[in-house]
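Predicted model only: the values in this text are computed from it and were never measured. In listed order, ligands and their atoms are each counted from 1.
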Amino acid sequence: MLNVGIVGASGYAGEELDKILSRHPKVNLTYLAATSAKENSRIRAFSPQEAVTLCDLLFFALPHTEAMKFIPQILATGRRIVDLGADYRLKNIAEYETWYKAKHLDKQNVMLSVYGLPEAYRKKIKKANLIANPGCYPTVVILALLPLLKKKIIGLGSIVIDAKSGLSGAGRKSVEAGLSEDLKDNFRPYKVNYHQHMPEINQELSKFSGRKISVNFVPHLLPIFRGLLATIYVKTASERAVSEERIRQLYKNFYRNEVFVRIADEGRIPQVKDVSGTNFCDIGIFYHKKNKMLVIVSAIDNLLKGAAGQAVQNMNLMYGFKETDGLI
Ligand SMILES: NC(=O)c1ccc[n+]([C@@H]2O[C@H](COP(=O)([O-])OP(=O)(O)OC[C@H]3O[C@@H](n4cnc5c(N)ncnc54)[C@H](OP(=O)(O)O)[C@@H]3O)[C@@H](O)[C@H]2O)c1
């Protein structure tokens, strides 16, 4: 059995990790920590020294800029880490410092970390000591666009991403500070054109397409607790004739060995309800022939495929467990 721990166990993502790891057949959950100990709970105040004596692998689910304060010393002891935060996702340090408004404290390990999207980096993940678990929006968007980018079917200049998230995406502190009240009978965009997940999406899409991509990305907050859905508009490359069915088949083929990506059949539209509480990503394809406009609808649970579920999927790969262990 593998001994694992959660740092940030009292947060929304940490709580989901606790649930999954407590029922996982191959691990002992030996350590749960947060800033301070919680009353009537297994959660204690975080101590890196204690964490390394009790765990082989640690999940970090801390607000950005916190994890990088501890990760270097823990990695140096030979422990492996899955970081759910943003500190190791952007390979360009200057970009990290601009978007997260903080000096990066561990540039060396940024270069060694592996972006933890199993559908794209499975081989590298297996050998990694540090996983940068993707953000929730990047997960839903990259999975939706990967087959198109690899097959060069779309024009890259005008990718429009209209994404909506349940309020748990903002973390417990924001919700408890009044976000749920603000969203009662309400719905609104936020950080229009300046959400910090935009450079992460651009980084990964550019890597897969071999060209510099700059997406238009507008996130919204929904008055629901969990779930994330993106509607993505892309023009097909004009000289190519495409059909909706051909593209659907391309997606089915591309993801044929992926347990957690489901391509909707014709007439079915992905919805939050179908993925909530699961590690699935549901993707639907719709084509407006006259306008040569492809509409991709992609849905996940932000707390699972967008955070804790994907983190456990990564751990399963790192240790040669069944990829679905604890998740299905
Ligand atoms: N929520 C999502 O849908 C989602 C999706 C993908 C990725 N993520 C990422 O996952 C991370 C956690 O998100 P969340 O939504 O779970 O946040 P959250 O609800 O705000 O929880 C944050 C957790 O971190 C702990 N913490 C903060 N500073 C700490 C420190 N210095 N030492 C030890 N513990 C510390 C908090 O403990 P105390 O309560 O004791 O302060 C709490 O347990 C973030 O980086 C977030 O961007 C979240």
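Those atoms of ligand 1 with a heavy atom of Leu303 less than 4.0 angstrom away are 1 (N), 2 (C), 3 (O). Residue Gly85 has at least one heavy-atom neighbour below 4.0 Å for each of these atoms of ligand 1: 45 (O). Taking every heavy atom of Ser168 and a limit of under 4.0 angstrom, the matching atoms of ligand 1 come to 1 (N), 2 (C), 3 (O). Using a 4.0 Å cut-off to heavy atoms of Lys173, the atoms of ligand 1 that qualify are 41 (O). Atom numbering of ligand 1 starts at 1 in the shown order; those under 4.0 Å from a heavy atom of Gly8 are 23 (C), 24 (O), 25 (C), 43 (O).
The closest side-chain heavy-atom distance from Tyr121 to Pro134 is not below 4.5 Å. Looking at heavy atoms from C-beta onward, Lys101 lies out of side-chain contact with Thr65 at the 4.5 angstrom threshold.
Under the 3.5 Å distance criterion, with hydrogens and angles disregarded, a donor-acceptor pair is assigned to the side chains of Tyr96 and Asp87.
With respect to Tyr100, the ring pair (Phe, Tyr, Trp, His ring centres under 6.0 Å) criterion is satisfied by exactly one of His195, His64, His197: His64.
Here Ile224 pairs with Leu222, Val272 under the side chain to side chain contact (heavy atoms under 4.5 Å, CB included) rule; sequence neighbours left out. Judged as a side chain to side chain contact (heavy atoms under 4.5 Å, CB included), and not counting sequence neighbours, the contacts of Phe254 are Leu146, Pro147, Lys150.
Atom CD1 of Ile247 and atom NZ of Lys252 lie 14.0 Å apart (nearest 0.5 Å).
Counting heavy atoms closer than 4.0 Å to ligand 1, residue Lys38 contributes side-chain atoms (C-beta onward) but none from N, CA, C or O. Under 4.0 angstrom from ligand 1, the non-hydrogen atoms of Arg172 come from both its backbone and its side chain.
Proximity of a side-chain donor or acceptor of Glu204 to a complementary backbone N or O of Pro138 within less than 3.5 Å is not detected. In this structure a side-chain-to-backbone donor-acceptor pair under 3.5 Å is present from Ser206 to Ile213. No donor-acceptor distance shorter than 3.5 angstrom exists from the side chain of Thr30 to the backbone of Asn3, with no hydrogens or angles considered. Using modelled atom types, one side-chain atom of Asn202 and one backbone atom of Val215 make a donor-acceptor pair closer than 3.5 Å. Judged purely by atom type and a 3.5 angstrom limit, Lys292 has no side-chain atom pairing as donor or acceptor with the backbone of Lys290.
Nearest to atom 15 (O) of ligand 1 among the protein's heavy atoms is Gly171 CA, 3.3 Å. For atom 27 (C) of ligand 1, the nearest non-hydrogen atom of the protein is Pro63 CD, 3.4 Å. Atom 10 (O) of ligand 1 has its closest protein heavy atom at Leu84 O, 3.6 Å. Scanning the protein heavy atoms around atom 31 (N) of ligand 1, the nearest turns out to be Glu66 OE1, 3.0 Å. The single protein non-hydrogen atom nearest to atom 21 (O) of ligand 1 is Gly11 CA, 3.1 Å, given as residue, atom name and distance. For atom 16 (O) of ligand 1, the nearest protein heavy atom (residue, atom name, distance) is Ala13 N, 2.8 Å.
Proximity of atom 5 (C) of ligand 1 to the protein is indicated by at least one non-hydrogen atom lying closer than 4.0 angstrom.
Distances from atom 44 (C) of ligand 1 to the heavy atoms of Leu62, Ile6, Asn302 show the closest one on Leu62. Between Ala61, Ala34, Ala45, it is Ala61 that holds the heavy atom closest to atom 24 (O) of ligand 1. For atom 32 (N) of ligand 1, the candidate residues are Phe60, Phe46, Tyr137; the nearest heavy-atom contact is made by Phe46. Of the options Ser165, Ser10, Ser36, Ala86, the smallest heavy-atom separation from atom 36 (C) of ligand 1 is shown by Ser10. When Val7, Asp301, Thr35, Asn133 are ranked by how near their heavy atoms come to atom 38 (P) of ligand 1, first place goes to Thr35.
The environment of Lys124 atom NZ is sparse: at most 12 non-hydrogen atoms of other residues, nucleotides or ligands sit within 6.0 angstrom.
The closest approach between Ala33 and ligand 1 stays at or above 4.0 Å for every heavy atom of the residue.
The shortest N or O to N or O distance between Ala307 and ligand 1 is not under 3.5 Å.
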